[in-house]
Every structure is written in C-alpha cells, then in structure tokens.
Amino acid sequence: MNTEPKNRRDFIKKTALATSALGLGLSGASLAQLSKKPKNKLPKWRGFNLLDFFSPEMERGRKNKEEYLKWMADWGFDFVRIPISYPSYLNFDRSKPIRPDEVLNFDEERLAEIDRLVDLSHKYGLHVSLNLHRAPGFCINAGFIEPYNLWEDEEALQAFCAHWEMWSKRYKNISSKKLSFDLVNEPYKRQDPNDQHSPGGPVPVEEYRKVAKAALATIKGVNKKRLVIADGNGGGGIAVPELADLDLSQSCRGYFPMHISHHKASWVYKDPDALPDPAWPGEHNTNYYGREQLEKHYAPWIALLKQGVGVHCGECGCYNKTPHKVFLAWFGDVLDILHENGIGFGIWEFSGTFGVLNSGRTDIAYEDWYGEKLDRAMLNLLMKYA
C-alpha cells in the first residue's frame, strides 16, 4: 500500500490544480469545477457475487444460505451479482455436447430455482445484477463445449438475444432499482474457445459492439427502463468507450494486476506451484506495481465516468493463495481508488476461495461466525466502504 500520507497526496493534487488554474486564468469557481470528481450514473452498490448457478450443472453451483444474504444486509451491503451459466437452466442430453437446436430448451423448474434466489435477495433489500457468465457461444472459462462462436456466428447471436428476451419478459415488472442485466461476463476471444489456455485477447470492438447492441435492443424492446450493463473487454478490465453512445453502463474488474489477485490460480497458470509469492507494492517480471500503476489502470474507467457512462466493478477480490497481508495491502488501494471515484464493487464470492467466509486460507486465524469461518480482517476492510 502507498505509504505516502493521504493528506499530503491531497495537498499535492490541490496545489497542482491551483497552479494550473492560475496559469489558465481560471476563477475559484472554475477551479472547483476542475477538481470535482465526475458523478457516477450508477449507484455505488457494494456486495458480492452469488455462484449458485455459475456452473453449467446447476447442482454443482456453490449454494448460498439465506443467512448469508441476511448477514450481507446486516453488514451494510446492498448488492449481489448472479453469474449464470445458460446450460444450467436448460433441458438437454448432458451426456453429449450441446447442439444449436437445444440452446433454447428452457427448463421451467430450473428457471424457478433462479427466481427463488432473486426473490430472496430482494427480501433483504439487495439489488440483483443478473449476468450471463456463460452465454450461447462464449465463456471466459472452458470446460463446456460450445457449438458455435458468439462473436462470429449469427446463429449464436440470435440465441444470445433469445435468452435475454426470455429473462426480460420473465422479470419485466421488476424495477431497475431492484434488478439490472449484465450482458455477458468478461468478453474475450481465443483461437480455440473451448481451450482454457488457448492464446487470445480482447474481442474486436466491432464484434463486441454488434453483440451488445443487438442484446440491448432486445431487452429495451421488452422494458425500455431496464438498466443494462456491459463488461469491460479483454476479460473485463478494458474500458470500452466505443460503447459510450449506447444506453449501457459498464462493469470493470478489481483484478489488476493478476499476479496478485490470481496468484497460483490453476485456471490462469499452467504451472501455478512454480510461481514465487508476490509483494505489494513490488516488482513482478521486472515491472514495478504500486498505487500509481493502479491509478493509471483505472484512468480509462474514470474517463468513461466523465463521458456520462455509469461504471461499477462487478467482480473483484483475491484468490486464497496470495499471502493475506499482501492481499489486504493491495486490495485496500483498489477499494480506495474505486471509492474516491464513486464506483461500487462486487466481491467474486461471499463464501469460498475469494470470500469473507470459508476461504480456505492457511495463513490467517479465522473467527468463528455461527459455525462459519470468517476472515474478520477482510470484512473490516470491506465495511469501511459499505
């Protein structure tokens, strides 16, 4: 964490602004306008992702207890994001790869399970962000064979829009104050979409725009007031000013740099156990990382705010293999930058390897919380911003 006193940093910033204002002949009122933070169109929601339907197999999701939602609300949080894998709510032959003619086989009983989680979240006053973590033709994670490519194939795009039309009609009468839609999790384009470690990078902007614009039109055609969010490109971290003219807010990530947030994560690194422990601030692969680098990383997102685009950090947090002190030092800087700019956050999970409960860390002493293992230091950090 940056050891420079915050009041000194603020003084330097104000002095620099004042010097610039004098040079430009600006008045005191103009100086105040220059130093004013851009207003975020989105509420500063703070909360967690719920992974009940994150897996293509609904029964393999990480089921959350009702008590978890109550504790979130009691601790001052007001937001849950529900990343959903579309096969989890379909009826098809799961012994074989899904076929294009099966991707719209909606299973009412499975959909009702998702309804129950949405209703339960609303019971505790939590805003729900419904997200397609796996959409027809794309997921940032492999492990389920897709029959086509969302970014390239018209048939996949039509299926994607059909799913959002279903969700739009199903929840048509729920206010946008209580429910928003997050189009597709972490757009990314790999050479082989079904190989987790296949080379890839950001989706070509024209392809992403086509997909986002079509889904947005579908959703707004059912409920023109529905709040819709698009994730950052390249796995969520790259702001997309090319979408700024659309009626879309955008969702960033709190995973920079990934050698901190995803240290020894097997789904990211082929040989995770060979990695040395990271430091914050500190060097990694000859590059230095600290608060200044974080601020540069989030600068394009702040620029979106200045364009009038709402911004939220839909996912953030840290895998349990990062040393706890390093995690807290780094994440304190991340949360501070988001907070200073009016941007809320959603920790990747509540209970599990990224969570405040039952994270499986070996380098902390947990507090017993009604039989659950609570990371009190992490919770205290989060509650500073709740």
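Heads up: numbering here begins at 1 and tracks the sequence.
For the pair Arg226 and Phe181, the cation-pi criterion (under 6.0 Å, within 45° of the ring axis) is fulfilled.
Here Lys220 pairs with Asp247 in a salt bridge; the nearest charged N to carboxylate O distance falls below 4.0 Å. A salt bridge does not link Arg116 with Glu66: every distance from a Lys NZ or Arg NE/NH1/NH2 to an Asp or Glu carboxylate oxygen is 4.0 Å or more. Of the charged side-chain nitrogens involved, none lies within less than 4.0 Å of a carboxylate oxygen, so that Asp119 and Lys123 do not count as a salt-bridged pair. A salt bridge links Arg291 with Asp336; the closest basic N to acidic carboxylate O contact falls under 4.0 Å. Remark: Arg209 does not engage Glu242 in a salt bridge, criterion side-chain N to carboxylate O under 4.0 Å. A salt bridge does not link Arg190 to Asp192: none of the charged side-chain nitrogens sits closer than 4.0 Å to a carboxylate oxygen. Residues Lys210 and Glu154 are paired through a salt bridge, judged by an N-O separation under 4.0 Å between the basic side chain and the carboxylate. Between Asp231 and Arg81 there is a salt bridge, since a side-chain N of the basic residue sits under 4.0 Å from a carboxylate O of the acidic one. In this structure, Arg170 pairs ionically with Glu108, as a charged nitrogen and a carboxylate oxygen lie closer than 4.0 Å.
Closest non-hydrogen pair, Pro257 versus Trp280, comes out as CD-CZ3, 3.8 Å. A pairwise comparison of heavy atoms in Asn320 and Ser359 identifies ND2-O, 2.7 Å as the closest pair. The shortest heavy-atom contact between Ser85 and Ser88 is O-OG, 2.7 Å. For Asn223 against Ile174, the heavy-atom pair with the smallest separation is ND2-O, 4.5 Å. Closest heavy-atom contact between Gly317 and Trp330: O-CH2, 3.4 Å. For the pair Asn40 and Gly310, the tightest heavy-atom approach, listed with the atom from each and the gap, is OD1-CA, 3.4 Å.
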Report the C-alpha distance between Asn194 and Glu146 in whole Å, list the side-chain angles of each, state the deciding distance to 0.1 Å, and finish with yes or no for side-chain hydrogen bond (donor to acceptor under 3.5 Å, both in side chains). CA-CA 7 Å; Asn194 294 312; Glu146 289 295 332; over 6 Å; no
Run the numbers on Tyr124 and Met72 for side chain to side chain contact (heavy atoms under 4.5 Å, CB included), then give the verdict. CA-CA 9 Å; Tyr124 292 98; Met72 290 178 200; over 6 Å; no
Does Lys189 form a salt bridge (charged side-chain N to carboxylate O under 4.0 Å, His left out) with Glu152? I'd like the steps, not just the answer. CA-CA 10 Å; Lys189 192 167 185 181; Glu152 297 179 357; 2.8 Å; yes
Please assess Ile82 against Asn131 for the test side chain to side chain contact (heavy atoms under 4.5 Å, CB included), listing each intermediate value before the final yes or no. CA-CA 6 Å; Ile82 305 178; Asn131 162 251; over 6 Å; no
I'd like to know whether His133 forms a side chain to side chain contact (heavy atoms under 4.5 Å, CB included) with Cys139, so could you lay out the CA-CA distance, the side-chain angles of the two residues, the decisive distance to 0.1 Å, and finally the verdict. CA-CA 6 Å; His133 186 275; Cys139 184; 3.7 Å; yes
Should Leu374 and Tyr366 be marked as a side chain to side chain contact (heavy atoms under 4.5 Å, CB included) after you check the CA-CA gap, both sets of side-chain angles, and the distance that decides it? CA-CA 5 Å; Leu374 173 64; Tyr366 289 102; 5.8 Å; no
Check against side-chain hydrogen bond (donor to acceptor under 3.5 Å, both in side chains), Asn64 and Asp52: CA-CA 7 Å; Asn64 285 274; Asp52 300 55; 2.6 Å; yes
Report the C-alpha separation of Glu349 and Thr353 in whole Å, then their side-chain angles, then the decisive distance to 0.1 Å, and conclude whether the side-chain hydrogen bond (donor to acceptor under 3.5 Å, both in side chains) test is met. CA-CA 8 Å; Glu349 58 190 330; Thr353 55; 3.2 Å; yes
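Taking the six-membered ring where the residue is Trp, the centroids of Phe331 and His324 are separated by 6.0 Å or more. In this structure, Trp151 has its ring center under 6.0 Å from that of Phe138. Taking the centre of each ring, Tyr89 and Trp167 come in below the 6.0 Å mark. Aromatic rings from His262 and Phe354 are positioned such that their centres are separated by under 6.0 Å. Aromatic ring centres of His263 and Tyr269 lie farther apart than the 6.0 Å criterion allows.
In this structure, Trp75 and Trp369 have tilted ring planes: the angle between them lies in the 30° to 60° band. In this structure, Trp71 and Tyr68 have tilted ring planes: the angle between them lies in the 30° to 60° band. Under the 30°/60° scheme for interplanar angles, the aromatic rings of Phe48 and Phe350 are found to stand perpendicular. Under the 30°/60° scheme for interplanar angles, the aromatic rings of Phe79 and His312 are found to be tilted.
Contact of the Pro87 side chain with the Phe92 side chain is registered, since non-hydrogen atoms from C-beta on lie closer than 4.5 Å. You'll find the side chain of Ser261 reaches within 4.5 Å of the side chain of Met258, heavy atoms only. Residues Glu102 and Leu90 have side chains not in contact (no heavy-atom distance under 4.5 Å, counting atoms from C-beta outward). In this structure the side chain of Leu126 reaches within 4.5 angstrom of the side chain of Leu69, judged on heavy atoms. Counting only heavy atoms from C-beta outward, the side chains of Gln196 and Asn141 approach each other to under 4.5 Å. When side chains are defined from C-beta on, Val128 does not count as touching Leu50, because their heavy atoms never get closer than 4.5 Å. Counting only heavy atoms from C-beta outward, the side chains of Leu381 and Leu328 approach each other to under 4.5 Å. Between Asp182 and Ser129 the shortest side-chain heavy-atom distance falls below 4.5 Å.
Heavy-atom contacts from other residues, nucleotides or ligands closer than 6.0 Å to NZ of Lys264 number more than 12. Heavy-atom contacts from other residues, nucleotides or ligands closer than 6.0 Å to NZ of Lys44 number more than 12. Within 6.0 Å of atom NE2 in His284, more than 12 heavy atoms from other residues, nucleotides or ligands are found, so the atom counts as buried in its surroundings. For Lys169, the NZ atom sits in a loose shell: 12 or fewer heavy atoms of surrounding residues, nucleotides or ligands are nearer than 6.0 Å. Within a 6.0 Å sphere centred on CZ of Arg60, heavy atoms belonging to other residues, nucleotides or ligands number 12 at most. At most 12 non-hydrogen atoms from other residues, nucleotides or ligands lie less than 6.0 angstrom from OH of Tyr370.
Listed for the Arg134 side chain is no donor-acceptor partner under 3.5 Å among the backbone atoms of Pro83. Without hydrogens or angle criteria, Thr322 side chain to Cys318 main chain gives no donor-acceptor distance under 3.5 Å. Gln250 contributes a side-chain N or O that, together with a main-chain N or O of Val240, makes up a donor-acceptor pair within less than 3.5 Å.
How far NE2 of His163 is from OG1 of Thr218: 12.5 Å, rounded to the nearest 0.5 Å.
Val203 and Leu248 fall within the same hydrophobic cluster, defined by Ile, Leu, Val, Met, Phe, Trp and Tyr side-chain heavy atoms under 4.5 Å apart, directly or through other members. There is no path of hydrophobic side-chain contacts, each under 4.5 Å, that joins Trp348 to Trp45. Criterion: ILVMFWY side-chain heavy atoms under 4.5 Å apart, direct or through other members. Under it, Leu51 and Val118 are not part of a common hydrophobic cluster. Under the 4.5 Å side-chain heavy-atom criterion for Ile, Leu, Val, Met, Phe, Trp and Tyr, Tyr255 and Tyr319 are members of the same hydrophobic cluster. Under the 4.5 Å side-chain contact rule for hydrophobic residues, Val80 and Met378 share a cluster.
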